[in-house]
Structures are given as C-alpha cells and as structure tokens.
2 protein chains.
Amino acid sequence: MKRSKRKQEIYVSSARLFRKKGYAATSVRDIAELVGLEPSSLYSHIKSKEEILVNICNDCAELFAEGMDLIQKEEKTNIEKLDNLVDLHIDIAYHNPSSVTVFNDEWRHLPKEELSQFLSRRKAYEDDFKKILKSGMDEGSFVHMSLTTTFNIIINSVKWLHFFAKKLDKSAFEAKREEIKSFIRRGIYT
Amino acid sequence: MKRSKRKQEIYVSSARLFRKKGYAATSVRDIAELVGLEPSSLYSHIKSKEEILVNICNDCAELFAEGMDLIQKEEKTNIEKLDNLVDLHIDIAYHNPSSVTVFNDEWRHLPKEELSQFLSRRKAYEDDFKKILKSGMDEGSFVHMSLTTTFNIIINSVKWLHFFAKKLDKSAFEAKREEIKSFIRRGIYT
DNA sequence: CCTACCGATCGGTAGG
DNA sequence: CCTACCGATCGGTAGG
C-alpha cells in the first residue's frame, strides 16, 4: 500500500498550510493552489479534506510509536531510555516540523472514529512513557513526583523547539538540544 | 469604557467555543446558540466575529502585562521575581482557562493590524522576562544558558496545566503547582 | 432583539 | 487532470 508521489506531495503541502493557518481555515482551494492543480483535481488523489488530516496525524503517531518500541526493546538503563525519548521527540520535530505541529494542534478536527483511535493511541504512548518514568523513580534514579506532572513537563519542555527548526543551523540546533536535555536532567535526576 | 453584561457574556461563551473547536471552526451561529440569541442579534453587541477574538486576546495580554509590571516594580531578588512570574502564569491560566487557550493558540487568526500589535506586545513581555533571567544569571543565581531556551522551557513547563484546571480540586492543583516549581528550581537555580 | 435575506465561499461531484 | 457546477454554510446587513 505505497503512496503515490502526487499524493505525498498533497500531504506535505497540506501539512504546511495546516501548520500556518490551521486545518479549519485552510480550504481545499488553498491546497490545490500550492500543489499546482485545480481544486477538483485533488479528488483524483484523495477522497476528502479530512482524509489528509487523518494521514498526517497517523504518520506522525507512527513515528512516535516506532521510536517507543525501539527504546522499550533495548537493554538500557531508565536514564538512557529517558534520554533517548527526549531525543526521539526532538528528532521527529526537527525532521517533520509541519506534521508535528498538525499532530500537536489540529488532531481535534479528526472525524469521530479516527479521533478516538488517535486518543487511545496517544494514551498508550503516554502510559509507556510513564512506565519508564515510574521504573526510574522506583529504583531511585529519578526524583519522585506525579507521573502526569513529570510527563507533561518533559514533553512540553521540548515542544517549542520545532518552531526554531528552520531558523537555526544544525550546530545551533544541537546546542539547544543539549541545553534542554541538561535542564531536564537537573530537574529529574536524583 | 465599561463593557455591558451581555457583551461580556458573549466574550465568555465565545472563548469557550474557540477553546473547544478553534476560532475558524466556530460559527457566529454556534456563539449565538450558546448565548441564547438569534445570530443576527449578536450584532447589536459586537461588530464582527474578529472583534470577539481581539478582545479575548487583549484582555489576556493585559493580565500578563499587569502582572509583569507589578513584579518589576517590587524590590525583590531575581529568584523571587522568577518565582512570582511562574505563579503569574499558573494563576492566570487557572482563573481563565478558556481565554488563555485562545490567547495561546488562536492569536494567529487576529486581523492584520491587531496581529502585529499583539506580537510586539508579546515580544515586549518576553524581553522583560528575559531581563530578569539575565540578571539572575549574571549575579550567579541562575544557571547560565541561552535566554531563549530558558524562557521557552519555563513557560512551556507551565502551559499544559490549565487543561487540568477543571479536573483537579484546589489542593490537587496546588500540589501540581509546587511540583512544577520544584522542577524549574532544580533546572535553573545554581 | 427578531424576521428575512444576501453575496461569498465552502467541500465536493459529474462528466469528459 | 480540467470545466462546469451544486447544495450547504459562512459572516453579516436591512428594516422594524
């Protein structure tokens, strides 16, 4: 079930527009113009505007799920696992700034069925993340505090960085990555 | 220039809808229904949908600006000032969860002129915040790191809390406040 | 504050 | 992939 080049083009352009204007304020005419087609021609490749959003959100969810799977499988300390999770968030956001913004901010416009799938998938990811935090707290590597608070502080400490992905060169970006990771380490390591 | 009760009602209802569905996806018919008027009757109190957004965003900006003014005037250490700033963000979000969400996420839908005012005001706030951070770093109270990184980590560590404002009772909320503040302290104090 | 209504734009389809 | 087009909904106005 590979995706045609044209279809991928439509998704990429749409993600950029959804990021900039939001899903609801982006018209299929906006998308068609950016791709270089007549509005109606889009419908040879997609079946609805909602389908675009669904695919952007699912692709992004897939990246997080795959990253989590890998980290869970590895034989590493909880400190290393958390370090890898922070890198996972930073890397995904760096390489897919538009999709990540849509994933973060536009998922509420998903149609009902896909919305509930999305939410339960996100919940599963959060639970896996918290399991690592809990394990690190229990063994005394991490400061004891509410898992929900810890989880939210960590992911939100990272969430703003993708807005700088295009403004910063690679080395400036890496410097910020290290600053964030140091901050989190000081905040959570015992 | 006081605001009529009806007008305030419209702003409050609109903020709730903008928070839940986003500005673009909220119709004036949605607002009218929640307020209990016919759509056209709204226009006796407001002159456009955009005007509502402008007022919500400006009211919220005002709360932050007033808080910053107060903190700047006080004779306090930088450590105390930062502590007060974190409380300012948490308190505003706790008491105005809808407006804060609109302020955070929907400002990009502001009309051109109000948008540029909004951005320059936000920039001024950020600069004031950074001035306190820089002063604390220079005197050796705070860990030395990029002001932009420090600022963004701090405000984003707090930004998720208003989603819990209605689910948590006061004491549970205060517990989370302290956890966040401890985390920030460990991350930034020398 | 309501009834009645308007032009513009929306997502999407028919047919080639 | 395009031309032509559609019903629904949008923000907003006229007039009382």
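Only heavy atoms go into these numbers, but all of them, side chains included; no hydrogens, no water, no symmetry mates. Quick note on labels: first sequence line is chain A, next is B, and so on, each numbered from 1.
For B:R122 and B:E126, the salt-bridge test fails: no basic side-chain N is under 4.0 Å from an acidic carboxylate O. Note on A:E178 versus A:R185: salt bridge recorded, some NZ/NE/NH1/NH2 to OD/OE distance being below 4.0 Å. The residues B:D138 and B:K134 are annotated as salt-bridged, a charged nitrogen and a carboxylate oxygen being separated by less than 4.0 angstrom. Ion pairing between A:R121 and A:E62 holds under the 4.0 Å rule for side-chain N and carboxylate O.
Helical stems involving DNA chain D, defined as 3 or more consecutive Watson-Crick or G-U pairs under 3.5 Å, span C:1-16 with D:1-16.
In this structure, a donor-acceptor pair under 3.5 Å is present between the side chains of B:R3 and B:N55. A donor-acceptor contact closer than 3.5 angstrom is absent between the side chains of A:S141 and A:N78. Side-chain contact, A:T149 with B:K176: a donor N or O sits under 3.5 Å from an acceptor N or O.
Across all non-hydrogen atoms, the minimal contact from B:W160 to B:I180 is CZ2-CD1, 3.6 Å.
Contacts classified as side chain to side chain donor-acceptor pair (under 3.5 Å) and involving residues 90-101 of chain B (residues at least two apart or in different chains) are given here: B:R19-B:T101, B:D91-B:R177, B:T101-B:H162.
Chain B approaches DNA chain C over the interval C:dC1 to C:dA4, counting the first and last nucleotide 5' to 3' with an atom under 4.0 Å from its heavy atoms.
Taking every heavy atom of residues 6-17 of chain A and every atom of DNA chain C, no pair lies under 4.0 Å. Near DNA chain D, meaning a heavy atom under 4.0 Å away, the residues from residues 27-47 of chain B are B:S27, B:V28, B:R29, B:S40, B:Y43.
Taking the six-membered ring where tryptophan is involved, the planes of B:F103 and B:F64 are essentially parallel, since the angle between them stays under 30° and well short of 60°.
In this structure, A:E179 contributes its side chain and B:S146 its backbone to a donor-acceptor pair below 3.5 Å.
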Expected list for residues 39-47 of chain A: side-chain donor-acceptor pairs under 3.5 angstrom, two or more places apart:
from, atom 1, to, atom 2, distance (Å)
A:S44, OG, A:S41, O, 3.4

